[in-house]
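Down below is the structure, laid out as structure tokens.
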Amino acid sequence: MPTLKFAVLPGDYIGPEVMTEALRVLDLVARQEGFSLDYTIADVGGAGIDRHGKALPDSTLKLCEQADAILFGSVGGPKWEKLPPKEQPERAALLPLRKHFTLFANIRPGLLYRELTDASPLKSERIPDGIDIVCIRELTGGLYFGQPKTTTKLEDGDELSVDTMVYRRSEIERILRTAIDTARSRKKKLCSIDKANVLETSVLWRRTATEYVAKQAPDIELSHMYVDNAAMQLVRSPNQFDVFVTENMFGDILSDEMACVCGSLGMLSSASLGAGKNSLGLPFGLFEPAGGTAPDIAGKGIANPCAQILSVALMLRYSFGLEKTAARIESAVRKAVSSGTRTSDISFGKTSVGTKAMTDAIIASL
Ligand code: NAD
């Protein structure tokens, strides 16, 4: 059995609380299935600033470079909000990690169990079987990384800011490969979302998607949708999508909208896969909850640990090839919430329990 070597970066506020629970689950499945864990916990985000003067300390980055995957919590919060934008935890830790490891493919399952449809803001009759879709977001290109990115004071006293949206065909093809693989593992349906009626990058995006899928994946049913319509369709009828793929900023917005219709941020996780392979020949990746550090509930012992636990499952699936173990954890989470064990963010009148009791219920199903 392999040894799983990964870096653990819990981050700030509820980050360490839910990470402790995720490691409890992972320690148990490792004992049950006979594989060994080789992980080191390191500071990142506000914790990095406080203890090392930097959101992404050099020692943390080195640890990640030596690992096969990164299990990430979440970073940021009011304590560091007064810092200059470039030094703030998210911008100074998460974006450099994405860039450093070329984590170009963000895979976000949008999953709402049938048993939890009452947690969604959508009417239950619109989603009688819950929601089960996947958002694939390009993560290292587009408006967030394109240069120039400047703010200039003009001679007439006005100010001018520029962000640049850039895509190369090769970057689009790279994210399409991830989307095609994901579609192949599901219903073989892929919707590509762009704004090709207005943006040059989107014209290239749409043309590349059409040509690439026709040539490389004729078994995939490809459709296209403008992003404004997609935003509407996601709330009208989310399950019309099975897998959708889109560029960085559109994906940022649509994935949060998807999280909202899925009811609870505390239930959603994501995988960001890199261009490089780890020592096992599998994709190096960063795995994290979809939500942030939830400062409003930190320290109260009520944060939902499910998203962090489900990000462990994604790590096992993508970076360690342990599909059966991943599925076992996902099924234990489902059993726990379906049997009525719910934290406050998904309780909706049902008995709500704290972080540890939620994990205990998951562990009892393993
Ligand atoms: P948030 O996701 O932290 O919280 C939004 C709401 O969802 C809050 O009411 C919170 O209590 C709730 N929530 C989130 N996760 C939950 C969980 N596991 N269990 C129960 N409830 C949960 O978003 P925010 O308030 O906009 O941001 C707080 C901080 O987190 C900010 O500093 C932001 O920059 C940071 N952030 C970090 C990441 C990341 O590290 N990837 C992502 C988003 C936000």
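Bear in mind the structure is a predicted one, so any value in this text is a computation, not a measurement. Counting convention: from 1, in listed order, for ligands and their atoms alike.
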Please check atom 26 (O) of ligand 1 for a protein heavy-atom neighbour under 4.0 Å. no

Counting C-beta onward and ignoring hydrogens, is there a side-chain heavy-atom pair between Leu23 and Ile41 closer than 4.5 Å? yes

Pair Glu21-Gln308, side-chain donor/acceptor within less than 3.5 Å: no

Closer than 3.5 angstrom, by distance alone: can the side chain of Asp194 be matched with the main-chain N or O of Trp205 as a donor-acceptor pair? no

Pick whichever of Glu90, Lys79, Met267, Arg91 has a heavy atom sitting closest to atom 34 (O) of ligand 1. Glu90

Applying the side-chain contact (heavy atoms from CB on, under 4.5 Å) criterion to Leu56, which one of Leu95, Val75, Leu61 satisfies it? Leu61

Tell me whether Glu247 contacts the main-chain N or O of Met249 through its side chain, where contact means a donor paired with an acceptor under 3.5 Å. yes

Heavy atom under 4.0 Å from ligand 1: found in Ile14's side chain, backbone, both, or neither? side chain

N-O pairing of Arg24 and Asp360 below 4.0 Å: yes

So, is the end of the Lys195 side chain (NZ or CZ) under 6.0 Å from the ring centre of Phe250 and within 45° of the ring's axis? no

Considering non-hydrogen atoms of the protein only, which is the closest contact for atom 18 (N) of ligand 1, and what is the distance? Asn304 O, 3.0 Å

Min side-chain heavy-atom separation Ile329-Ile309 under 4.5 Å: yes

Tell me which one of Pro89, Cys306, Ala294 gets a heavy atom nearest to atom 4 (O) of ligand 1. Ala294

Shortest protein heavy-atom distance from atom 29 (C) of ligand 1, along with the residue and atom involved: Thr293 OG1, 3.1 Å

Under 4.0 Å from atom 9 (O) of ligand 1, do we find at least one protein heavy atom? yes

Evaluate Gly292 for polar contact with ligand 1, using N/O atom pairs at a separation under 3.5 Å. yes

Checking the N or O distance criterion of under 3.5 Å, is ligand 1 in contact with Asp296? yes

Within a strict 4.5 Å, meaning less than it, do heavy atoms of the Leu286 and Leu9 side chains meet? no

Pick one: which of Leu71, Leu94, Leu314, Ile70 meets side-chain contact (heavy atoms from CB on, under 4.5 Å) with Glu288? Leu94

Examine Pro295 against ligand 1 and note whether any of their N/O atoms are separated by less than 3.5 Å. no

Nearest-contact summary for atom 31 (C) of ligand 1 - protein heavy atom, Å: Gly77 N, 4.1 Å

Within reach of ligand 1, part of Asp345 (heavy-atom separation under 4.0 Å): side chain

Report the part of Ile297 (side chain from C-beta onward, or backbone N, CA, C, O) that has a heavy atom under 4.0 Å from ligand 1; answer both or neither where that applies. side chain

Just one of Tyr318, Phe104, Phe101, Phe320 clears the ring-ring contact (aromatic ring centres under 6.0 Å, His included) bar with Phe284, so which one? Phe101

Give a yes or no on whether a salt bridge exists between Glu173 and Arg169, defined as a side-chain N under 4.0 angstrom from a carboxylate O. yes

Determine whether the side chain, the backbone, both or neither of Ile302 has a heavy atom under 4.0 Å from any heavy atom of ligand 1. neither

Going by the 4.0 angstrom heavy-atom rule, the piece of Leu265 near ligand 1 is side chain

Sub-4.0 Å atoms of ligand 1 with respect to non-hydrogen atoms of Gly266: 17 (C), 18 (N)

Less than 4.5 Å apart, side chain to side chain, heavy atoms only: is that true for Ile136 and Thr182? yes

Exercise check, heavy-atom protein proximity under 4.0 Å to atom 21 (N) of ligand 1: yes

Within ligand 1, which atoms have a heavy atom of Gly291 less than 4.0 Å away? 2 (O), 42 (C)

Does only the side chain of Glu288 get under 4.0 Å from ligand 1, or the backbone, or both, or neither? Count heavy atoms. side chain

Compare all side-chain heavy atoms of Cys260 with those of Pro121 and state whether any distance is below 4.5 angstrom. yes

Which of the atoms in ligand 1, numbered in the order shown and given with their element, are less than 4.0 Å from a heavy-atom of Ser74? 39 (C), 40 (O)

With the threshold set at under 4.0 angstrom, would you say Ala307 reaches ligand 1 through any of its heavy atoms? no

Identify the protein heavy atom lying closest to atom 40 (O) of ligand 1, giving its residue, its atom name and the separation to 0.1 Å. Val75 N, 2.8 Å

Atom indices of ligand 1, in the order listed, that fall short of 4.0 Å to a heavy atom of Ala303: 19 (N)

